[in-house]
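Okay, structure first, notes after.
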Number of protein chains: 2
Amino acid sequence: MTDRPFDPYVRDCPTRQLLDRIGDRWTVLVVGTLTGGPLRFSEIARRVDGVSQKMLTQTLRALERDGLVTRTHHPEIPPRVEYELTEAGRTLQEPLRALEDWATVHMAGVLSAREGYDAAV
Amino acid sequence: MTDRPFDPYVRDCPTRQLLDRIGDRWTVLVVGTLTGGPLRFSEIARRVDGVSQKMLTQTLRALERDGLVTRTHHPEIPPRVEYELTEAGRTLQEPLRALEDWATVHMAGVLSAREGYDAAV
DNA sequence: CTGCATCCTCCCCGATACTG
DNA sequence: CAGTATCGGGGAGGATGCAG
């Protein structure tokens with residue numbers, strides 16, 4: 001608690017913690033690809049353009065650790081591993097989609113504003 | 001366009017571009033502090049815990065460049081600079097608040113899942 | 001008070017090679 | 001196919017000093 005009129009963004013508030021998770025560039029995209037249902041590793045890699053194997057593994061591990069994704073390993077030859085959003089993971093989809101919608105609508109304006117700003121240098 | 005059944009997250013889609021902006025840890029927090037109205041530089045710095053002067057300047061410049069924040073310089077002694085959300089900037093508040101709400105509700109669960117995962121090592 | 005420049009450190013992430 | 005290990009470059013970002 002604080003005596004300030006506006007509740008500040010202190011270091012360990014929930015918002016900050018979430019930002020640490022979605023700020024790594026890949027988390028949001030991976031969650032997005034899993035919207036339609038479970039996918040295997042290679043399929044996710046294919047859909048998220050530019051993600052390296054290392055980063056994808058790292059991201060999926062983090063999501064699994066946070067209880068947002070389940071990892072199912074089928075001990076076959078060749079190996080098959082499927083990832084699926086948990087209940088908690090699915091609740092994250094809605095606010096993420098809201099952001100995505102905002103981006104779709106406004107990013108063009110943002111980009112043109114950027115050009116205008118740069119031109120005015 | 002693509003012939004794949006699921007529209008992939010290609011490198012330059014709006015979502016990716018937005019992620020580049022909010023992925024820097026400070027943008028979201030700064031926009032959040034400006035929700036209540038215009039603020040001066042030092043006041044924002046005070047409310048966003050842990051932001052360095054350098055990063056705050058950098059973040060505000062980026063937001064100004066993107067047309068999400070206006071910068072008003074009052075040539076007084078001592079100088080006073082106020083920052084305020086633009087119309088576009090205000091539209092960003094809603095999806096951001098949705099994320100904030102999600103964090104408030106779910107981060108405790110995420111944290112405990114994290115502990116459980118770490119304990120199971 | 002606000003902002004810019006410089007230096008310097010750390011760690012993110014990609015490339016590569018190798019296991020089960 | 002899925003994952004781990006290692007190395008190295010580059011960029012993010014903190015500390016400090018100075019200007020307007």
Side-chain angles (χ1 to χ4, degrees), chain A residues 9-12 16-30 33-34 38-66 69-84 117-118 120-121, chain B residues 9-12 16-30 33-34 38-66 69-84 117-118 120-121:
Chain A
Y9 286 104
V10 288
R11 286 180 191 281
D12 56 355
R16 293 286 279 268
Q17 293 170 354
L18 176 65
L19 253 27
D20 286 339
R21 173 113 324 297
I22 69 174
D24 63 17
R25 297 179 51 108
W26 300 118
T27 300
V28 173
L29 300 175
V30 170
T33 62
L34 290 174
L39 288 177
R40 50 192 305 181
F41 186 89
S42 53
E43 184 60 25
I44 303 174
R46 196 170 306 120
R47 298 192 188 197
V48 179
D49 187 32
V51 67
S52 67
Q53 188 191 51
K54 176 182 178 179
M55 282 297 95
L56 184 53
T57 300
Q58 216 170 88
T59 302
L60 287 168
R61 281 288 180 284
L63 284 171
E64 187 191 3
R65 189 168 96 104
D66 288 355
V69 157
T70 59
R71 177 176 183 274
T72 308
H73 177 230
H74 303 270
E76 310 165 352
I77 307 291
R80 182 165 59 93
V81 181
E82 285 199 329
Y83 295 90
E84 183 173 16
Y117 184 94
D118 292 343
V121 172
Chain B
Y9 287 104
V10 290
R11 287 180 190 280
D12 56 355
R16 293 287 280 268
Q17 293 170 355
L18 177 63
L19 253 27
D20 286 339
R21 170 108 336 294
I22 72 173
D24 62 18
R25 296 178 52 104
W26 299 118
T27 300
V28 174
L29 301 174
V30 169
T33 62
L34 290 175
L39 288 177
R40 50 192 304 183
F41 186 89
S42 53
E43 183 61 23
I44 302 174
R46 196 170 305 120
R47 298 193 187 196
V48 179
D49 188 33
V51 66
S52 68
Q53 188 192 52
K54 176 183 177 179
M55 282 297 96
L56 184 52
T57 299
Q58 216 170 88
T59 301
L60 287 167
R61 280 289 178 286
L63 285 170
E64 186 192 2
R65 189 169 95 107
D66 289 353
V69 157
T70 58
R71 177 176 183 274
T72 309
H73 177 230
H74 304 270
E76 311 164 352
I77 306 292
R80 182 165 58 94
V81 182
E82 285 199 328
Y83 294 90
E84 184 173 14
Y117 184 94
D118 291 344
V121 173

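These figures come from a predicted structure and were not determined experimentally. All values below come from the heavy atoms of this structure, side chains included, with hydrogens, waters and symmetry mates left out. Each chain gets a letter, A, B and so on, in the order the sequences are listed, and its residues count up from 1.
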key: Residue pairs passing the salt bridge (charged side-chain N to carboxylate O under 4.0 Å, His left out) test where at least one lies in residues 49-65 of chain B, sequence neighbours excluded   = A/Arg11-B/Asp49, A/Asp118-B/Arg65
task = Respond yes when some side-chain nitrogen or oxygen of B/Thr57 is under 4.0 Å from OP1 or OP2 of C/dT2, and no when none is.
result = no
task = Figure out the CG/C1' separation between A/Asp20 and C/dC11, and round it to whole Å.
result = 14 Å
request  = Please report, rounded to the nearest Å, how far the P atom of C/dC12 is from the CZ atom of A/Arg21.
outcome  = 12 Å
request  = For B/Val28, check side-chain contact (heavy atoms from CB on, under 4.5 Å) against everything at least two apart and list the hits.
outcome  = A/Leu19, B/Ile22, B/Leu96
query = In whole Å, what is the span from the NE2 atom of B/His73 to the C1' atom of D/dA19?
reply = 13 Å
task = Rounded off to whole Å, could you give me the CG-to-P distance for the B/Leu60 and C/dG3 pair?
result = 8 Å
inquiry  = Does D/dA2 have OP1 or OP2 under 4.0 Å away from a side-chain N or O of A/Arg40?
reply    = yes
query = For the pair made of CG in B/Leu39 and P in C/dC1, what is the distance, rounded to whole Å?
reply = 16 Å
Protein and nucleotides 13-18 of chain D: nitrogen or oxygen contacts under 3.5 angstrom:
residue : atom : partner : partner atom : Å
D/dG13  : N7   : B/Lys54 : NZ           : 3.2
D/dG14  : OP2  : B/Ser52 : OG           : 2.8
D/dG14  : O6   : B/Lys54 : NZ           : 2.5

query = Is the shortest side-chain N/O distance from A/Arg71 to OP1 or OP2 of D/dA2 below 4.0 Å?
reply = no
query = Sequence neighbours excluded, which residues qualify as side-chain contact (heavy atoms from CB on, under 4.5 Å) partners of A/Ser42?
reply = A/Arg40, A/Arg46
key: Whole-Å gap separating C1' (C/dG3) and NE2 (B/His74)   = 16 Å
note = A/Phe41 atom CZ is separated from D/dG3 atom C1', nearest whole Å, by 7 Å
request  = For B/Arg16, enumerate each residue passing the side chain to side chain donor-acceptor pair (under 3.5 Å) test, keeping only those at least two apart in sequence or located in another chain.
outcome  = none
inquiry  = If I take atom CG in residue A/Leu56 and atom C1' in nucleotide D/dC1, what distance separates them, rounded to the nearest angstrom?
reply    = 13 Å
request  = Could you list the residues that satisfy side chain to side chain donor-acceptor pair (under 3.5 Å) with A/Thr59, not counting sequence neighbours?
outcome  = none
message = For the OG1 atom of A/Thr57 and the CD1 atom of A/Ile44, what is their distance to the nearest 0.5 Å?
response = 10.0 Å
key: Residue list, side-chain contact (heavy atoms from CB on, under 4.5 Å) with B/Glu84, at least two apart or on another chain   = B/Pro38, B/Thr70
query = At under 4.0 Å, does any side-chain N or O of A/Tyr83 touch on OP1 or OP2 of D/dC1?
reply = no
message = Five pairs per end, C1' atoms only: what is the angle between the end axes of the helix from C/dC1-D/dG20 to C/dG20-D/dC1, to 10 degrees?
response = 40°
ask   = Out of curiosity, A/Phe41 CZ to A/Arg71 CZ, how far, rounded to the nearest 0.5 Å?
value = 9.5 Å
query = Which residues satisfy the salt bridge (charged side-chain N to carboxylate O under 4.0 Å, His left out) test with A/Arg25, sequence neighbours excluded?
reply = B/Asp20
